[in-house]
Each structure stands twice: as C-alpha cells, then as structure tokens.
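A short worksheet on the structure shown next.
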Amino acid sequence: MAEKNKVPLFESEIIVAKFGGSSLSNGDHFQKVKEIVTSDERISFVIPSAPGKRFDNDEKVTDLLYECYAASSAGESIDDLFDSVTSRYDSIIADLGIDLDLTEEYTHIRWAIMHHAGRDYAASRGEYLNGIILAAFLDFDFVDPAPYIKFADDGLFESEITDSLLYTELKKHRHAVIPGFYGSMPNGTIKTFSRGGSDITGSIVARAVMASVYQNWTDVDGFLMADPRIIDEPRTISTITYKELRELSYMGAGVLHEESIFPVRNAGIPIVIKNTNHPEAEGTVIVSDINAPEASSVITGIAGKKGFSVISIEKAMMNTETGFGRRVLEAIEKEEVNFEHLPSGIDTMSVILSTEEIADKRDRILDRICSTVEPDSITIEDGLALIAVVGRGMVKAKGTASRVFKATAEADINIKMIDQGSSELNIIIGVEESDFVSAMNAIYKEFEK
Ligand code: ASP
C-alpha cells in the first residue's frame with residue numbers, strides 16, 4: 001500500500017520499539033523493557049527477538065533451536081536440547097511472576113520439530129514464545145506475524161502485500177507485541193529472515209503503521225565511531241545518514257541488520273538506536289540525507305575489514321584497448337565472485353576481491369583473465385585490509401584525504417590502495433593486514449579532535 005493512500009492508524013503519534021536478544025535474555029531485562037515501554041505512551045508496537053546470551057558462554061535460544069532441528073533431522077533425540085529451551089522461558093516467567101503456562105505450546109513445538117516442520121519453523125519459535133511472554137507481561141495484544149509478513153515462492157520478501165496486510169491488522173490493536181524474525185510462505189510454512197532479522201521485522205512494522213520513529217533497543221549506547229575492540233572508547237555518533245550507515249556496515253560495523261534500513265528509509269522514518277541498560281543515553285539517530293543535520297565533524301565513522309586479495313594486471317597501452325575492463329570483470333563474474341574495488345592506472349588495473357570468496361577459484365580466475373586480455377603481467381597478493389573513512393562532512397571540508405595520509409604516514413604505515421567515490425562520502429584505503437590496527441588508530445586520532 002503506498003504511503004499516500006494510508007490514513008493514520010490512530011490519532012496520536014506511534015513509535016515502534018524493537019528489543020534485541022540481549023535486552024530480553026532474563027527477567028531483569030524484561031523489567032527494564034517494561035519500564036521503557038510504559039514510560040512512553042507513544043510506543044504502541046513492540047517487536048521482540050528471542051532470548052540472547054546471559055553471560056559469555058551462554059547459548060542464544062535461536063542457536064539451541066537450530067541445534068534441535070539438526071538433531072531431529074539426524075534422527076537423534078532433541079529432549080535435552082529442547083528442555084534447555086523451555087527452561088529459559090520458564091525461568092523468565094518465574095522471574096516475572098506472571099500467570100502463564102506454556103506447556104501446550106512446548107508440546108506442540110517439540111512435536112512439530114520432531115515431525116520435520118522445517119529449520120525456519122524451529123528457529124522462529126524463539127521469537128514466538130518470547131513474544132507471548134512479553135505480551136502477557138506488558139498486557140499488550142499478541143499478534144503472530146505469520147499471516148501478515150509474506151514471502152513469495154522464490155523466498156523473496158513481499159514488501160507491498162506485507163505492508164497492506166500489516167496495516168489492516170494492526171489498526172485493530174492499540175498496543176501489540178509482534179515477534180520478530182519470521183513470516184510465512186504462500187503455502188503457510190514459516191520462513192525467517194537471515195540471522196539478526198528481527199531488526200527487519202521492526203522496520204517493516206514501523207513502515208506499515210507509519211510510525212514517527214523506529215526505536216531499536218540493544219545493549220550499546222548507539223552506533224560508535226569505530227569498533228571498540230580496535231579503538232579505545234570511541235565516541236558515539238549522534239546522527240548518521242542511511243548512506244553513511246550502509247558504508248560503515250558494509251565494512252563490518254554492525255549494530256543493525258543491513259536490510260532493516262530499506263523499509264523505513266523509503267518511508268522517511270528515522271531509526272534511533274538505544275541502550276536498554278542505559279535508556280537516558282541519547283543514542284544514535286539514523287536519518288535520510290534530506291533530514292540530516294549539518295555534520296558536526298568531517299568524519300562520521302571509520303570501519304574496516306581484513307581478508308582481501310588484490311589481482312594486479314599490467315599491459316602496455318591497456319588504455320587504448322576498448323572493453324579491457326569489461327573482459328577482466330567478466331572473467332571474475334564467470335566464477336561467480338563479486339569484486340570489491342577497482343583502482344586503475346593507465347597501463348595497470350587492480351581488482352580487489354574477498355580472499356575467502358576466491359579460495360578455491362583463484363587459479364581459474366587468473367587463467368580466465370590471462371586468456372581473455374593477455375596481460376604483460378598478472379599477480380595476486382593476499383593480506384590486504386581495507387579501511388573506510390566515512391562522513392557526509394567531507395564534501396565541504398578540504399584536505400580530508402591529506403589528513404588520512406598524514407596520519408598513516410606519521411604512524412609509518414604504507415598505503416597500498418586508495419579509492420574515493422565521487423560522492424565524497426568516503427575514502428577507502430588498503431593497508432597490509434599487519435598495519436590494520438595501527439592505521440585505524442592513527443586515523444581515528446586524527447579526526448577525533
Ligand atoms: N533470534 C534471531 C537470531 O538470533 C533473530 C534476531 O535476533 O534478530 O538471529
């Protein structure tokens with residue numbers, strides 16, 4: 001249903017709040033969630049994940065359910081595994097002191113998993129059961145998303161049908177809990193999104209009900225300027241655009257499922273990342289370009305990944321050979337490999353690829369390139385790390401690239417590749433994997449000021 005044909009669901013503003021597994025892993029967390037939800041009457045729809053880890057070596061309920069499915073498919077007993085699932089829920093119910101008995105649900109789910117109800121079905125029950133408990137605890141309606149969140153026979157998500165079905169159903173509920181992560185196929189079988197997909201459900205619901213904000217509650221204060229495992233106490237980003245977020249997530253910065261930005265982005269709904277354990281923190285607001293406030297700093301964030309390989313091709317007069325680049329890329333495409341970057345010179349061209357993706361295909365890729373473009377030389381080198389320096393503030397600032405190079409040069413780091421998109425939203429550099437951490441730190445320090 002196109003947004004313009006929709007009448008607002010209710011007279012008042014609506015907020016959709018999604019709580020991740022770490023925010024719903026035990027009774028204490030459920031209490032915090034209740035405080036958050038009841039303190040803001042605009043929160044009408046709540047999307048829960050399945051219970052996450054309570055401590056370092058704990059198992060996520062979703063992982064236990066995948067294990068149940070695997071055991072059942074191998075003809076083994078699922079009893080012990082399934083008991084660890086039900087005891088997670090029973091201890092939450094006991095902590096909350098609510099009058100809820102899930103025995104019948106457990107019996108049915110155990111039976112269905114034993115009778116080949118499917119891998120996605122098994123995994124989805126994590127959110128389903130958590131949703132029932134949360135709805136009872138909040139005194140909200142429970143809405144099973146299966147009849148409304150639809151996938152086509154080829155497994156692709158049906159956004160328009162879903163939008164209209166959800167809109168029509170949710171009009172009937174002033175307050176509801178809708179489990180994340182799954183929907184259904186045309187024949188009614190359960191289908192999940194990819195891992196972490198409750199974020200996507202939240203975004204789809206926010207679009208359907210025309211929420212003013214999509215709150216995504218997790219266990220960090222927001223999106224950080226850099227990975228805290230690499231940079232000591234990086235700053236939290238207060239506002240980031242969808243485009244900047246895409247660039248940073250692609251390079252490995254992850255708080256939100258990548259696909260979850262599309263439904264709300266198209267509908268112009270901001271996402272706010274908030275911390276369930278620290279709700280006073282402002283969090284990070286993700287907005288579209290048009291609504292973005294002027295950047296307060298040149299750089300919004302830095303992210304990076306190791307594990308890239310470079311194929312370097314040299315051929316004299318390459319620049320005069322029409323179709324040279326296309327033929328190289330075609331050779332790579334034939335091996336079903338995506339290329340990441342393509343820096344090139346007059347007589348040289350480099351293709352950057354994921355080392356893991358080309359693992360057993362490298363010789364074939366090189367052979368194909370050699371036979372199609374007959375280069376003077378071709379080499380392949382592993383061990384490259386890429387770092388993306390991202391910021392909408394770069395367009396206006398002069399000298400950003402020179403600051404990146406100065407910072408890395410002063411840290412005695414050799415830059416092996418440079419790529420700047422013409423949108424001036426990011427500068428990507430390639431360094432030796434052994435220089436990765438020091439390069440990230442040098443660049444962060446330079447722009448932190
Ligand atoms: N429970 C699912 C997972 O662990 C989905 C989610 O948490 O968003 O991937």
Side-chain angles (χ1 to χ4, degrees), residues 16-26 29-30 32-33 45-70 81-82 84-89 92 102 105 109 113 117-135 142-146 149 151 155 157 162 177-184 190-207 214-220 223 245 249 252-264 271-277 286:
V16 170
K18 179 257 166 179
F19 292 88
S22 58
S23 304
L24 289 167
S25 66
N26 60 23
H29 281 136
F30 271 68
K32 289 185 190 171
V33 167
F45 301 108
V46 174
I47 317 299
S49 282
K53 292 184 182 187
R54 293 158 296 181
F55 40 86
D56 266 359
N57 289 329
D58 198 15
E59 279 205 271
K60 285 174 148 198
V61 165
T62 311
D63 292 328
L64 288 169
L65 288 163
Y66 278 123
E67 287 170 40
C68 286
Y69 171 79
L81 282 167
F82 198 72
S84 13
V85 171
T86 57
S87 68
R88 289 290 303 266
Y89 291 108
I92 294 173
L102 293 177
E105 293 284 355
I109 295 168
I113 296 177
R119 189 169 184 268
D120 284 11
Y121 169 83
S124 74
R125 296 305 89 181
E127 271 66 14
Y128 173 80
L129 292 169
N130 228 20
I132 295 179
I133 300 174
L134 187 60
F142 173 77
V143 176
D144 185 344
I149 295 189
F151 293 87
F157 170 58
T162 296
V177 169
I178 307 138
F181 194 36
Y182 69 93
S184 67
I190 297 293
K191 163 127 184 86
T192 62
F193 293 105
S194 54
R195 293 301 304 264
S198 298
D199 284 345
I200 309 177
T201 308
S203 179
I204 291 167
V205 171
R207 177 192 166 199
Y214 168 30
Q215 292 180 342
N216 192 291
W217 292 84
T218 167
D219 58 355
V220 289
F223 215 83
L245 182 72
S249 319
V255 170
L256 203 62
H257 192 298
E258 267 193 281
E259 288 165 45
S260 67
I261 64 178
F262 298 111
V264 279
I271 306 178
V272 187
I273 309 282
K274 296 276 288 175
N275 189 348
T276 307
N277 302 312
I286 309 165

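Order of appearance sets the numbers: ligands from 1, and atoms from 1 within every ligand. No experiment lies behind these values; they were computed from the predicted model shown.
- Between R54 and H29, every side-chain heavy-atom pair lies at or beyond the 4.5 Å cut-off.
- Smallest separation of non-hydrogen atoms from S260 and H257: OG-O, 2.6 Å.
- Taking the side chain as every heavy atom from C-beta outward, F30 and L24 approach each other to under 4.5 Å.
- Counting only heavy atoms of the protein, atom 3 (C) of ligand 1 lies nearest to R195 NE, 3.3 Å.
- The nearest protein atom to atom 7 (O) of ligand 1, hydrogens excluded, is given as S49 OG, 3.2 Å; this is a heavy-atom distance.
- Not a single heavy atom of H257 lies less than 4.0 angstrom from ligand 1.
- Of the protein's non-hydrogen atoms, the one nearest atom 2 (C) of ligand 1 is E127 OE2, 3.4 Å.
- A 4.5 Å side-chain heavy-atom check between F82 and I109 finds at least one atom pair inside the cut-off.
- Considering backbone and side-chain N/O atoms, G196 comes within less than 3.5 Å of an N/O atom of ligand 1.
- Nearest to atom 6 (C) of ligand 1 among the protein's heavy atoms is S198 OG, 3.4 Å.
- With contacts defined as side-chain heavy-atom distances shorter than 4.5 Å, the pair L129/V61 does not qualify.
- Look at G197 and you'll find a heavy atom under 4.0 Å from some atom of ligand 1.
- Relative to the ring axis of Y182, R125 places its NZ or CZ within 45° and under 6.0 Å from the centre.
- Every atom of ligand 1 is numbered from 1 in the order shown, and the set under 4.0 Å from a heavy atom of K60 is 4 (O).
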